[in-house]
2 protein chains.
Amino acid sequence: MEIDIEERKKVAAFANALSNPVRVEILYFLANRKDCYFGDIKKDLPLCKATVSQHLKELKKVGLIQGEIEGPKTKYCINIAKWNEARQLFDDFFSGYTGGCSCNCRKGK
Amino acid sequence: MEIDIEERKKVAAFANALSNPVRVEILYFLANRKDCYFGDIKKDLPLCKATVSQHLKELKKVGLIQGEIEGPKTKYCINIAKWNEARQLFDDFFSGYTGGCSCNCRKGK
DNA sequence: CATATTGTTTGCATTATTACGAACAATATG
DNA sequence: CATATTGTTCGTAATAATGCAAACAATATG
């Protein structure tokens, strides 16, 4: 699929969310858990709660996760619609290579 | 495919390279061009040459592109091996969602 | 109702990113 | 050889990102 300028900006925005190892860990954690409270996420990371909260906020901002208050706790999870949107965008972006460059690069795999 | 901690760090590193709209544009440009000199790339962007050079340097650092000096000019192109590696990594990462979260999120698409 | 538990928000400090102009290097050209 | 062309590197300024501790807020519990 072709990718336009707006979509390329979205690629950059999603990539920005994924550009920090902590946030990648959080997403990986959420993608493989049934229950995902803030405390569980925090326990998994060597960071203070404020920092964890901040990373979660950023992931929420791009929509990759969503939080749900449950009593005094907060339950987080992947927003599957956005997750799939990001997945598709990256796939489209990387599919866009037409291999036309005439540099003397190593070709093929 | 399963993805381990080292691969997740690579996801973050590649994502970091893609986290800037200018760099995404550069990659898109290179992925769709036969000849790709520095001057062509610069012409495509509203930035001074120093800044463009800096972004190219960063993309080279993660290996997504490579430069080749040709007389007084420099020819840049996608490093297809790294390109495919990144593509695979993102695909593996996004494939890792097991959908187990019990939040009251909208399910499905 | 006082206190504990769970997270978020605020206020910093530190470091990284982005951009620019100027200086520099290397090749080409008159 | 002097000068133009093409990029890179350096120095610097402005802004963004990261992390922590402390202050807050909201719910739960004795």
Side-chain angles (χ1 to χ4, degrees), chain A residues 8-9 11-27 29-30 33 35-77 101-105, chain B residues 8-9 11-27 29-30 33 35-77 101-105:
Chain A
R8 296 198 293 276
K9 283 183 187 166
V11 167
F14 280 124
N16 190 56
L18 291 170
S19 71
N20 180 294
V22 173
R23 287 195 292 272
V24 172
E25 285 308 304
I26 290 174
L27 289 173
F29 186 85
L30 291 181
R33 271 288 196 117
D35 288 310
C36 28
Y37 291 103
F38 175 89
D40 301 321
I41 300 166
K42 196 216 151 300
K43 215 185 309 170
D44 199 44
L45 299 166
L47 298 167
C48 74
K49 58 188 180 170
T51 302
V52 173
S53 191
Q54 196 172 269
H55 282 301
L56 288 166
K57 194 176 177 182
E58 192 140 344
L59 288 171
K60 233 177 351 184
K61 200 183 70 192
V62 292
L64 283 171
I65 68 171
Q66 51 199 162
E68 190 184 339
I69 294 168
E70 216 176 70
K73 298 185 167 190
T74 310
K75 202 182 223 178
Y76 281 100
C77 65
C101 182
S102 60
C103 296
N104 301 325
C105 327
Chain B
R8 296 197 294 273
K9 282 182 187 166
V11 167
F14 280 124
N16 190 54
L18 291 169
S19 71
N20 181 294
V22 172
R23 289 196 291 272
V24 171
E25 285 307 303
I26 291 174
L27 289 173
F29 186 85
L30 291 180
R33 270 288 194 118
D35 288 310
C36 26
Y37 291 103
F38 175 90
D40 301 320
I41 300 166
K42 197 216 150 302
K43 214 185 310 171
D44 199 46
L45 300 166
L47 298 167
C48 75
K49 57 187 180 172
T51 302
V52 173
S53 192
Q54 196 173 269
H55 281 301
L56 287 166
K57 193 176 177 182
E58 191 138 345
L59 288 172
K60 234 180 345 189
K61 200 184 69 192
V62 292
L64 283 171
I65 68 171
Q66 53 199 160
E68 191 184 339
I69 293 167
E70 214 176 70
K73 297 186 169 189
T74 309
K75 202 182 224 177
Y76 281 99
C77 65
C101 182
S102 60
C103 297
N104 302 324
C105 326

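Order of the sequence lines fixes the chain letters, A, B, ..., with proteins taken first and strands second; residue numbering starts at 1 for each chain. Computed from a prediction, not measured in an experiment: that's the story for all the values here.
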Under 4.5 Å between any side-chain heavy atoms of B/Arg33 and B/Ile41, yes or no? no
Which distance, rounded to the nearest 0.5 Å, do you find between the CG of B/Leu64 and the SG of B/Cys77? 12.0 Å
Reading DNA chain D from 5' to 3', where do the contacts with chain A start and stop? Cut-off is 4.0 Å to heavy atoms. D/dT18 to D/dA28
Nearest-angstrom distance from the residue atom CG of B/Leu47 to P of C/dT18: 11 Å
5'-most contact on DNA chain C (nearest-nucleotide basis), A/Gln54 vs A/Tyr76, goes to A/Tyr76
Could you state the NZ-P distance from B/Lys57 to C/dA19, rounded to the nearest angstrom? 15 Å
For a quick check of understanding: with a heavy-atom distance under 4.0 Å over all strands, which category does B/Ser53 fall into, base, sugar-phosphate or nothing? base
How about A/Lys43 and A/Asp40: do any of their side-chain heavy atoms sit closer than 4.5 Å? yes
Please report, rounded to the nearest Å, how far the C1' atom of C/dT8 is from the NZ atom of A/Lys42. 14 Å
State, yes or no, whether a side-chain contact exists between B/Pro21 and A/Arg8 at a heavy-atom distance under 4.5 Å. no
Whichever of B/Val52 and A/Glu58 has the more 5' nearest nucleotide on DNA chain D, that residue is B/Val52
Is it the case that the side chain of A/Arg23 and the backbone of B/Ala12 share a donor-acceptor pair, with hydrogens and angles ignored and the cut-off at 3.5 Å? no
Could you check whether any side-chain N or O of B/Ser19 sits under 3.5 Å from a backbone N or O of B/Asn16, counting only pairs where one atom can act as donor and the other as acceptor? yes
To the nearest Å, how far apart are B/Asn20 CG and C/dT18 C1'? 8 Å
C/dT17 OP1/OP2 closer than 4.0 Å to side-chain N/O of B/His55: no
Would you sketch DNA chain D in dot-bracket for me? Only Watson-Crick or G-U wobble pairs with both distances under 3.5 Å count, crossing pairs as [ ], other-strand pairs as |, the rest as dots. ||||||||||||||||||||||||||||||
May I have the distance from A/Tyr37 (atom OH) to C/dT8 (atom C1'), rounded to whole angstrom? 18 Å
Where do B/Leu59 and B/Ala17 come nearest, in terms of heavy atoms and distance? CD2-O, 4.0 Å
Under-4.0 Å side-chain N/O to phosphate OP1/OP2 contact, B/Thr51 with C/dA19: no
If you define the side chain from C-beta out and look only at heavy atoms, does anything of B/Leu18 sit under 4.5 Å from A/Leu18? no
Between B/Asp40 and A/Asn16, the residue closer to the 5' end of DNA chain D by nearest nucleotide is B/Asp40
Students often get this wrong, so: under 4.0 angstrom with heavy atoms, is B/Lys49 touching a base, only sugar-phosphate, or nothing? base
Any donor-acceptor pair under 3.5 Å from B/Lys42 side chain to B/Leu47 backbone: yes
